[in-house]
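As C-alpha cells, the structure follows; a few thoughts come after it.
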Amino acid sequence: MSANTLRIAALAGDGIGPEVMREALKVLRAATQAHALRLEATEAPVGWAGIDAAGKALPDATLELCRRSDAILFGSVGLPDRDPTLPKEERPERAALLRIRKEFGLFANLRPVQLPRALAHGCPLKPERQGDGIDILVVRELTGGLYFGQPKRTEDIVLPDGTKAQRATDTLVYTTPEIERIAHVAFQSARLRRRKVTSIDKANVLENGVLWRDTVTRVGRGYADVALEHMFVDNAAMQFLLRPTQFDVVLCENMFGDILSDEAAALGGSLGMLPSASLGATAEGRTFGFYEPAGGTAPDIAGKDLANPIAQVLSAALMLRHSFGRDDVARAIEQGVARAIDAGLRTGDIFHPGDPGARRVGTREMGDAIAAAVG
Ligand code: IPM
Ligand code: MG
C-alpha cells in the first residue's frame with residue numbers, strides 16, 4: 001500500500017446499499033482530494049446483486065478484489081423476501097457476510113453509538129435519561145460463538161413418546177485466545193475514550209459466560225488504568241434503557257453484541273446513523289478492515305432516495321481511521337456529517353416535524369451536503 005493511495009473494494013450489495021454507497025464514495029472523493037490522497041475504489045457485486053451477476057452471493061471475482069484491496073467498504077446484503085427456495089447456506093447473509101468475516105479473520109466489530117445533541121428528540125428515552133449525551137462503543141466478537149459453532153445442524157428425531165420431530169442444534173463455543181484478543185481490543189479502545197469497559201455475559205447460567213468473565217478479568221489486570229465491570233446480558237438490556245450514560249465500552253460475544261448493538265443504535269436516534277468497523281489482526285502496522293452500516297438493506301425504502309446515507313459515510317470515516325491511520329481525514333468526514341445535521345438536514349428516519357429549522361431531504365441531498373462540507 002502506498003501511504004497516499006486508498007485501494008478499496010466498494011461492495012454496495014442490495015436494497016439501499018447502492019444509494020448509500022454512491023453518497024459515501026462521493027464524500028470519500030471529496031475528503032481524499034482535500035487531503036491529497038488518491039482514492040482507488042473498485043466496485044463489485046455482492047449479495048443478491050452477486051447472485052444476479054455471477055450466480056453466487058460472493059462471486060469469485062469479488063472475493064479476489066477483496067484480497068487485493070487494503071479495506072472493504074460494504075453496503076448491505078440480504079432481501080428476506082427474495083426466492084425463499086434458495087438454501088440458507090447460499091443466501092447472502094451466510095454466503096457473503098459471514099463468509100467474508102471468517103475468510104478475513106474479522107474478529108473485532110466496533111459499533112460506535114452517539115446521540116448528537118441536535119437529534120436528542122429522536123432518542124426514544126426521556127431527556128432526563130439522556131444525561132449529557134449518549135456515547136457508547138459496542139465491541140462485538142464477530143467470528144465465534146453461536147454464529148460459527150460446530151455442530152450446527154437440523155435433524156429428524158423421534159421423541160421419547162414416539163412422535164417424530166425435528167431438532168436444530170447451534171453450539172456456543174469460545175476458546176480463551178478468542179476471548180483474550182477481543183478483550184484487548186475493548187481495553188485499548190477504552191483508553192482512547194472514558195476508560196471504562198462493561199463486559200457482558202450470562203455467567204450465572206452458561207459455561208461460556210464463566211470462561212468469558214474469568215478471561216476478561218485476567219486481561220483487564222494488564223489495564224490498571226481502565227475500570228472493568230461485568231454485567232449479565234439481561235440486566236444490560238435493561239440498563240441501556242434506564243441509564244445508558246453509565247456505559248463507555250461495552251464488550252460482548254457475537255450474539256449478545258448483535259442484539260445489544262441494535263438496542264444501542266435505537267438510543268442513537270436511528271439505525272441509519274450507526275457505522276461499524278470489522279477488524280482483523282494488525283500486521284506490520286496495518287489493519288485490514290471491513291466497514292459497513294449496521295442497519296440492513298431496508299428493501300421497503302430502496303431506490304426511493306429516502307435512505308439515510310450517514311451510517312455508510314461514517315463507516316468510510318472508520319475505514320480511514322482504522323485501516324489507513326488517517327484520523328485527521330476521518331474527523332473531517334465526521335465533522336462534515338455534524339455540519340449537515342447542524343444545518344438542519346434530515347432524512348426521513350431522523351426528521352421530526354417539531355424540530356425548529358429541520359428540513360427533510362433525500363439520500364442524495366444529504367450526501368451532497370456532507371461532501372461539500374468536507375471538500
Ligand atoms: C449485523 C447483522 C448480521 C449479524 C446479519 C445480517 C447476519 O444483523 O451485522 O448485526 O447478525 O451479524
Ligand atoms: Mg444485527
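Ligands are counted one by one from 1 in listed order, and the atoms in each one are counted from 1 as well. Owing to the predicted nature of the structure, the values given are computational and were not obtained by experimental measurement.
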Decide if atom [atom1] of [X] counts as having more than 12 heavy atoms of other residues, nucleotides or ligands within a radius under 6.0 Å.
{"X": "Glu128", "atom1": "CD", "value": "yes"}
{"X": "Arg331", "atom1": "CZ", "value": "no"}
{"X": "Glu207", "atom1": "CD", "value": "no"}

Ligand 1 and Asp258, any nitrogen or oxygen pair closer than 3.5 angstrom? yes

Looking only at protein heavy atoms, which one is nearest to atom 6 (C) of ligand 1, and what is the separation? Leu97 CD2, 3.8 Å

Quick one: nearest non-hydrogen protein atom to atom 11 (O) of ligand 1, plus distance? Tyr147 OH, 2.6 Å

Looking at the Mg ion (ligand 2), which N/O/S atom of Asp258 is the nearest one? OD1

Heavy-atom nearest option to atom 12 (O) of ligand 1, drawn from Arg91, Arg94, Glu292, Arg101: Arg101

Answer yes or no: is there a side-chain heavy-atom contact under 4.5 Å between Thr169 and Glu155? yes

At under 4.0 Å between heavy atoms, what of Arg140 touches ligand 1? The answer is side chain

Do Thr143 and Glu141 pair up side chain to side chain, a donor and an acceptor below 3.5 Å, judged on atom types alone? yes

Can you see whether Tyr174 engages Thr215 through a side-chain donor-acceptor pair at a distance of less than 3.5 angstrom? no

Quick check on Arg111 - does any of its heavy atoms sit under 4.0 Å from an atom of ligand 1? yes

